[in-house]
Amino acid sequence: MSGAVAGVRPSGAGAGRARLVLVGGVPGAGKSTALARMSAAVPGVRVLDSEAARRRLRGWFPQVPYPVLRPLVHTWHGVQVLRAVAAGPGGVREASGGWVLLVHDPGTRRLRRGALALLARVRGWSPVLVMLDVGLDEARRGQHERGRVVRGGAFGRHWRRWEAQRARLVRASTTRRPAGGWDAVHVVDRRSASTVLEALARQAR
């Protein structure tokens, strides 16, 4: 199911610049797991994961069912992402000692993805897209394993958008100058995701 990534090129567009990495994939693809493994391997890297927003809000409102909290979690996370990207690399350098920011987002909305890449570039980042490519059953299984299942209609929309864009993004992963405002695109499977993220993080430190 995954587009091949032979490795992470250390040179090319964006080399030597502060790096924003958008980690995308349908719900259940394994984004949070890959980010957690990367964080353990490369301590100090700034990561904005919606899972952290979820834990904080659940701690504040333990009696509120998660489906009620979900919109607030997404809004909280989105505001954090926009603030960090708009602040530019200096804020991340001061907070983490590195030049890389990793952001958790499904990434299936093309216009939203492109707007983030544009904002990142304007603010001095080199934007890199990493999309986790998993099968439908694997994504559903991932949701059950984490204990949070996305509603059928919402998940279906994510999946249809991903299916419509997958071939183009796989092609983009083979060129040094991909479209969509990204300096690099990587389409990876669940098993290799944390390795690719670790390589990107280490290059930007």
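Throughout, numbering of the chain's residues begins at 1 and tracks the sequence. Hydrogens, waters and symmetry mates are skipped; everything else that's a heavy atom, side chains included, is used.
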Kindly work out whether a path of hydrophobic side-chain contacts (I/L/V/M/F/W/Y, heavy atoms less than 4.5 Å apart) joins L118 to L129.
no
Establish whether V47 and L57 are linked, either directly or via other cluster members, by ILVMFWY side-chain heavy-atom contacts under 4.5 Å.
no
Any pair with a residue in residues 34-62 that passes ring pair (Phe, Tyr, Trp, His ring centres under 6.0 Å), sequence neighbours left out, goes on the list, sorted by first then second residue, please.
W60-W76
One thing to verify: whether R54 and D49 come together as a salt bridge, which I'm taking to mean a side-chain N less than 4.0 angstrom from a carboxylate O.
no
Can any side-chain N or O of H77 pair as donor or acceptor with the backbone N or O of H104 at less than 3.5 Å?
yes
What do you reckon, is [atom1] of [X] surrounded by more than 12 foreign heavy atoms closer than 6.0 Å?
{"X": "R37", "atom1": "CZ", "answer": "no"}
{"X": "R168", "atom1": "CZ", "answer": "yes"}
{"X": "R83", "atom1": "CZ", "answer": "no"}

Counterpart residues, side-chain contact (heavy atoms from CB on, under 4.5 Å), relative to R123 (two or more places apart)
L119, W125
Can you find a heavy atom in the side chain of L22 that is under 4.5 Å from one in the side chain of V130?
no
Taking all heavy atoms of S173 and all of H186, pick out the closest pair and write down the distance.
CB-CA, 4.3 Å
Using the test side chain to side chain donor-acceptor pair (under 3.5 Å), find all partners of E198 that sit at least two apart in sequence or belong to another chain.
R202
Using a distance-only test with no angle check, is there a side-chain donor-acceptor pair under 3.5 angstrom linking Q143 and R148?
no
Between Q165 and R113, is there a side-chain donor-acceptor contact under 3.5 Å, judged purely by atom types and distance?
yes
